[in-house]
Protein chains: 2
Amino acid sequence: MSDGVEWVIHSCTVLAALPDGQALPAAKLAEFHGVPPAYLAKHLQAAAAAGIVRSEPGPRGGYRLARPPAQVNLLDITLAVDGDGTAFRCTEIRQKGPIGAPASIYRRPCSIARAMWRAEDAWRAELAATTIADLLGDLLVSVPAQVLQAGAEWVRAVEINRRRAPS
Amino acid sequence: MSDGVEWVIHSCTVLAALPDGQALPAAKLAEFHGVPPAYLAKHLQAAAAAGIVRSEPGPRGGYRLARPPAQVNLLDITLAVDGDGTAFRCTEIRQKGPIGAPASIYRRPCSIARAMWRAEDAWRAELAATTIADLLGDLLVSVPAQVLQAGAEWVRAVEINRRRAPS
DNA sequence: GTCCCTATACTCGGATAGCAAGTGTCCGAGTATAGGCGG
DNA sequence: CCGCCTATACTCGGACACTTGCTATCCGAGTATAGGGAC
């Protein structure tokens, strides 16, 4: 699994905690998390293409959540960043080899593929059960108040600098 | 996920269907499935190291299941072939950046990692619920009798050739 | 004083190199067998 | 005829290239703003 998944989830959590109407550029999100700016931007583009975040160009622009935090779950983000293909790919080797039978013989996917996909469905269901709102709620009670306040202050400072004249 | 996972699962199913006491070389398993022999051998080695299959050298040697089919599940095979590491790797980015707090502040893994790992646990549980014996049972009712018989005949022919004098 | 225009700086978006892990392959070490030889 | 020995061929096991996809980066297109000038 790509590291970008973790970064985008963290970024979405930060975006959900922003004051209403505020956007945050990819560069600032990268600075906040201590990750490569250009690479995080690439993954945020994927999230934007999937309709998870909304991007706005120009000064005062940046990224913001496209939907309420309770409407964005971890499955959406994971599929957007890592691709929506299944991890297990059935290559239909039952059709190959000396006694391989043509596809017309079989009415259903082979038992192996069905079992693997069933496991992936369980994984997806568990991911879909957790939303950004849930994560934000957990953070508010598990992270020390001092750290939360420092984060809020940092966001405030970013916004103030953005409002300042470019001179 | 590596293609080798699919190959080894198929191979284990074939090994489970073998007459009692018979072993099958990696080259024959590869021929049966129409996959690269040397590469399948590499993955079978991993399965052998994990105690899923047992290898025997020399003529009349080959691979056989190390345990009864009901005692081998898909999770065992997947972890053996693809590695037992988690797909999601938490890089602890909450400790990085301008307001990153040291690890001593936090008493538990971050909510994001916990959610991702919970999903992986669900995936593992579902995989562990399916055994090679289950797959074999499914095959016996879903695969046409003619194909099953052709497969059994092919295995018989391999064994006969192995008993023949090397001349 | 008010409105408009222009220059600016900042933002995202896609196109471009670098690298690591998976993919695929090969040859050498070890062993049970088959045949030949001696008793 | 029986038992032992040797040569053989077959097996796995680990070490060696190659390719695809992920990692990381940069520069160009587009836009809201800020300031200056004209009315």
Side-chain angles (χ1 to χ4, degrees), chain A residues 1-8 11 15 21-31 33-50 52-64 66 81-83 85 87 89 91 158-159 161-167, chain B residues 1-8 11 15 21-31 33-50 52-64 66 78 81-83 85 87-89 91 158-159 161-167:
Chain A
M1 180 178 299
S2 171
D3 291 342
V5 174
E6 181 187 13
W7 302 351
V8 173
S11 297
L15 292 180
Q22 181 172 350
L24 211 54
K28 288 297 173 183
L29 280 169
E31 177 188 348
H33 292 115
V35 298
Y39 193 31
L40 174 61
K42 180 182 180 66
H43 290 306
L44 286 174
Q45 286 175 27
I52 295 172
V53 297
R54 192 72 184 165
S55 66
E56 306 207 1
R60 305 288 311 281
Y63 286 98
R64 69 187 68 203
V81 175
D82 254 20
R89 295 173 301 258
T91 58
V158 168
E159 187 66 3
N161 285 339
R162 281 157 62 87
R163 289 185 186 279
R164 223 169 36 183
S167 70
Chain B
M1 181 179 297
S2 172
D3 291 341
V5 173
E6 181 187 14
W7 302 351
V8 172
S11 296
L15 292 181
Q22 179 172 353
L24 210 54
K28 289 297 175 185
L29 279 169
E31 177 188 347
H33 292 114
V35 298
Y39 194 30
L40 174 62
K42 180 183 180 67
H43 290 306
L44 286 174
Q45 286 174 26
I52 295 172
V53 296
R54 193 73 183 163
S55 66
E56 307 207 359
R60 306 287 314 279
Y63 286 99
R64 67 185 70 202
T78 302
V81 175
D82 254 19
F88 178 84
R89 294 174 300 258
T91 58
V158 168
E159 187 68 2
N161 285 339
R162 280 157 65 86
R163 289 186 188 278
R164 219 168 40 183
S167 71

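All chains are named by letter (A, B, ...) in the order of the sequence lines, taking the proteins before the strands, and each is independently numbered beginning at 1.
Each of A/Asp82 and B/Pro59 has a nearest nucleotide on DNA chain D; the 5'-most of these lies closest to B/Pro59. Where A/Gly58 and A/Lys42 each meet DNA chain C at their nearest nucleotide, the meeting point lying more 5' is that of A/Gly58.
For C/dG14, one of the phosphate oxygens OP1 or OP2 lies less than 4.0 angstrom from a side-chain nitrogen or oxygen of A/Gln45. An OP1 or OP2 oxygen of C/dT23 is reached within less than 4.0 angstrom by a side-chain nitrogen or oxygen of B/Ser2. Residue B/Ser55 places no side-chain N or O under 4.0 Å from the OP1 or OP2 atom of D/dT11.
A/Asp82 approaches A/Ser2 most closely through the heavy-atom pair OD1-CB, 2.9 Å. Considering every non-hydrogen atom in both B/Met1 and A/Ala87, the closest pair reads CB-O, 3.3 Å. Residue B/Val81 comes nearest to B/Gly4 through the heavy atom pair CG1-C, 3.9 Å, listed as atom of the first residue, atom of the second, then distance.
Taking atom CG on A/Leu44 and atom P on D/dA24, their separation rounds to 15 Å, with Å as the unit. The interatomic distance linking A/Asn161 (CG) with C/dA9 (C1') rounds to 15 Å, in whole Å. Following rounding to the nearest Å, B/Glu56 (CD) and C/dA29 (C1') show an atom-to-atom distance of 17 Å. Regarding B/Asp3, its CG atom lies at a distance of 7 Å from the P atom of C/dG24, rounded to whole Å. One can place NE2 of B/His43 at 6 Å from P of C/dT23, the figure rounded to the nearest angstrom. In this entry the distance linking CG of A/Leu24 with C1' of C/dC10 reads 14 Å, nearest Å. The separation between B/Arg162 atom CZ and C/dA32 atom P is 14 Å, rounded to whole Å. Taking atom CD of residue B/Gln22 and atom P of nucleotide C/dA32, one finds them 18 Å apart after rounding to whole Å.
For B/Arg64, the CZ atom sits in a packed shell: over 12 heavy atoms of surrounding residues, nucleotides or ligands are nearer than 6.0 Å.
At a threshold of 4.0 angstrom between heavy atoms, the contacts of B/Ala26 are confined to the sugar-phosphate backbone, with no base atom among them.
No side-chain heavy atom of A/His43 sits less than 4.5 Å from a side-chain heavy atom of A/Ser11.
For A/Pro57, counting side-chain heavy atoms from C-beta on, the closest listed nucleotide (D/dT23, D/dG13, C/dT11) is C/dT11.
Under the side chain to side chain donor-acceptor pair (under 3.5 Å) criterion, B/Asp3 pairs with A/Arg89, not counting sequence neighbours.
A distance of 7.0 Å separates NZ of B/Lys42 from CD of B/Gln45, quoted to the nearest 0.5 Å.
Within residues 33-40 of chain A, the residues having any heavy atom under 4.0 Å from DNA chain D are, by residue number, A/Pro36, A/Ala38, A/Tyr39.
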